[in-house]
S.K.: 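I'd like to ask you about the structure that follows.
All residue numbers refer to positions in the sequence shown, counting from 1. Ligands are counted one by one from 1 in listed order, and the atoms in each one are counted from 1 as well. What you see below is based on every heavy atom in this structure, not just the backbone, and it leaves out hydrogens, waters and symmetry mates.
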Amino acid sequence: MKDKDNKNADSNGYKSEGIVNVRAEISQLDAELLKLLSKRRAFAKIVALEKQQKNTPLRDQQRERVLLESLIEKASHSGLDSHYVTRLFNTIIEDSIQFQQNYLQSKNSPNFKTGESKLLAVLGGKGAYSYLAAKKYFSASNNTYLACSTFDKILRSVESEKVDYGVIPIENTTSGGITEVYDLLLDSKLTIVGEEKFPINHCLIAKPGSSINDISEILAHTEASRQCNKNLRKLISAKISLVPSTAHALEEVVKHPGDNLAAIASEQAAELFGLQVLLHNIANHSDNTTRFLVLAKQPVKVSLSVQCKTSIALSTGQEPGSLADVLGLFRNAEIPLSRLESRPIPNKPWQQMFYIDFQGNIDDARVEKTLKSLSKLCSFLTILGSYQTDDITATQVPPKSLAKVKLAAMELQSGGSTKNKPTEQPEKSNARRKSYHLASRQHKQQDTIIRVKNTVIGGDNFTVIAGPCAVESEQQILSCAKHANESGVAILRGGCFKPRTSPYSFQGLGYEGLDYLQTAGEKFGLPTITEVMNTDDIKQISKQSDILQIGARNMQNFSLLKAVGQVNMPVMLKRGIMATVEELLNAAEYILQQGNLQVFLCERGIRTFETATRNTLDLSAVPLLKQMTHLPIIVDPSHAAGNRDLVTPLAKAAKAVGAHGVMVEFHPNPEEALSDGEQALHYPEFTEMMKELYQD
Ligand code: PEP
Ligand code: MN
């Protein structure tokens, strides 16, 4: 379809009518997908009714696993990635369960979430998080809100039937349980009838036209302040004053436009009050969600097919092990707990009230039996409510069966068992059988292309990854990120966990460094890469960085390779100091075999008899690997040479032999660098290297 000479062709060389036609086909396909999804929902409805009749749960994770396995196998025949298929169908399954749950609940209790308009009591008025959460929970009806100034007033207005329901926060992912609410719940006869997990996206909000430098005072509700204080201190020097609610903070900003005030609230709230967002995402931690409870005078029955949560409060005897006995009852009945909170009992020093949330319905026989046994162990037990929950944990296909499914698909593709089929070319039939398969060109002819945010690694792209050897301070990595961004770097590097030859050398800032790297990447819009040395660190590093690096010293750390193979994110695998190209591909195979196909390689020099350079850069490995594997290969001239004067010529040579990119170290002040200073480029040298790399 590419046609550079055609008058109708656009700047990419595509004929405009051609694109129009293809787009029409895509739109047609999308419309068909929607029709199919809605048809799928109609079937889900029939299944829901059937399950309700038999009192069996809507969710059957065993069946979901089988379904996913078969879909992944089918998809692999059409070249679709297993992670993509899993993600897509997890979303479809989640929607289906939510749809079935809501359908059954609205059929059984038609006046609860749907039906007539409701009067809802919330903390603060329009714009407060409670208001937004209540609006979301009861989105199917048209509601009126009663703004309360305290949690206590919310409960009293439900008790006195002034309102239908109260919506009240109970816990937050970063600041924990809201103790006052726990105490109030115990004193009240109200029951919990629902929950809403509402993502809190705190913003700094001020009158239109103001800038950060104008702000002298920030008004915030205690919880909002607690969740943002650490981060705000870094961003702005204004003092924080506590106010009774978020809505109150917003009203004050509107009422006193001359006072240089700002409020902490959501973007939706800024819109409702005609204010302007000065800073987005100001919370100390990025994953910030508050769980709200919906309180009523009467319980709402939950179908036994629907996922249900029950909240109870209890106090045990004073004997040693009494809490363990309580927990043991749940374990023996295989009832999963989702929360355990303790609060001191007033007037009974050192005695605790325990609040427990568990998965289960009080109408279920197993739960009923457990609660009966529980009451015998407790000096006090009360049920706070049993209510529908939409916590739908995605079903995962275990990596082992994923690998099996993939191998089976490959066998089918090659027309029989791979066990008996030689994978070598016929003319090499005497050669040793390849010890890697998924990494080989024979297995996959097309180049693997890895997408990280807006960046692409592989194919015809030349990607520059750059940054300091190690993150040394917040200021240092921010400065590097700024320089990287201005020089056109695609990905920011920075080691936080450093593999050092001597235990007395700087070992990296660890998690503190990771926070700084994440901040710098986010601030300058650069995806980040950092080394992972330990399987225990993978989970956290994969949350805060975009690419995981396996360093040369760990190329054959097989448990680490298997562990990063189970993560759905790109991995850069560096060639070991003494590794052959074949060993490098076998190491990559370990990662691929676990289901992670987003792997790229890095040639960083190997140890030879030559000691004039730190290592010997094996540039022949680049064109060789491009024949042997579909995985992208980049070059690290910094660790290869160990000498900054050689970095630019080697980077240019890497590009000339067809590498998919380079990884280069630079530093604001290499003479003072805590690691690898001799090989780090000064800023002007780095800028010059970028120019030279991209000018031809
Ligand atoms: C690095 O890139 O930070 C590093 C330690 O390199 P290598 O593993 O190649 O020595
Ligand atoms: Mn280094």
S.K.: Is the Phe686 ring parallel, tilted or perpendicular to the Phe666 ring (thresholds 30°, 60°)?
M.R.: tilted

S.K.: Nearest 10°: the angle subtended at the Mn ion (ligand 2) by Glu665 OE2 and Asp676 OD2?
M.R.: 140°

S.K.: Cut-off 3.5 Å, side chains only: do Thr395 and Gln61 have a donor facing an acceptor?
M.R.: yes

S.K.: Going by the order shown, which atoms of ligand 1 are within less than 4.0 Å of some heavy atom of Met663?
M.R.: 2 (O)

S.K.: How about Ser545 and Thr528: does a side-chain donor come under 3.5 Å of a side-chain acceptor?
M.R.: yes

S.K.: Provide, to 0.1 Å, the distance between atom 9 (O) of ligand 1 and the closest protein heavy atom, together with that atom's residue and name.
M.R.: Arg604 NE, 2.6 Å

S.K.: Would Arg493 count as being in polar contact with ligand 1, using the rule that some N or O on each side must be under 3.5 angstrom apart?
M.R.: yes

S.K.: Please work out whether the ring planes of His437 and His443 are parallel, tilted or perpendicular, with thresholds of 30° and 60°.
M.R.: tilted

S.K.: So which heavy atom in the protein is nearest atom 4 (C) of ligand 1, and how far is it from that ligand atom?
M.R.: His639 NE2, 3.5 Å

S.K.: Which ligand 1 atoms are under 4.0 Å away from a heavy-atom of Gly551?
M.R.: 8 (O)

S.K.: Any atoms of ligand 1 less than 4.0 Å from a non-hydrogen atom of Arg553? List them with their elements.
M.R.: 7 (P), 8 (O), 10 (O)

S.K.: Need the ligand 1 atom indices (1-based, order shown) with element for anything under 4.0 Å from a heavy-atom of Glu531.
M.R.: 5 (C)

S.K.: Verify whether one side chain among Gln227 and Asn288 offers a donor that lies under 3.5 Å from an acceptor in the other.
M.R.: yes

S.K.: Is it the case that the side chains of Asp515 and Gln518 hold a donor-acceptor pair, with the cut-off being a distance below 3.5 Å and no angle test?
M.R.: no

S.K.: Could you find the nearest protein heavy atom to atom 6 (O) of ligand 1 and give me its residue, atom name and distance?
M.R.: Lys574 NZ, 2.9 Å

S.K.: Minimum heavy-atom separation for Ile538 to Ala563, with atom names?
M.R.: CD1-CB, 3.4 Å

S.K.: With heavy-atom distances below 4.0 Å as the criterion, list the atoms of ligand 1 near Ala552.
M.R.: 7 (P), 8 (O), 9 (O)

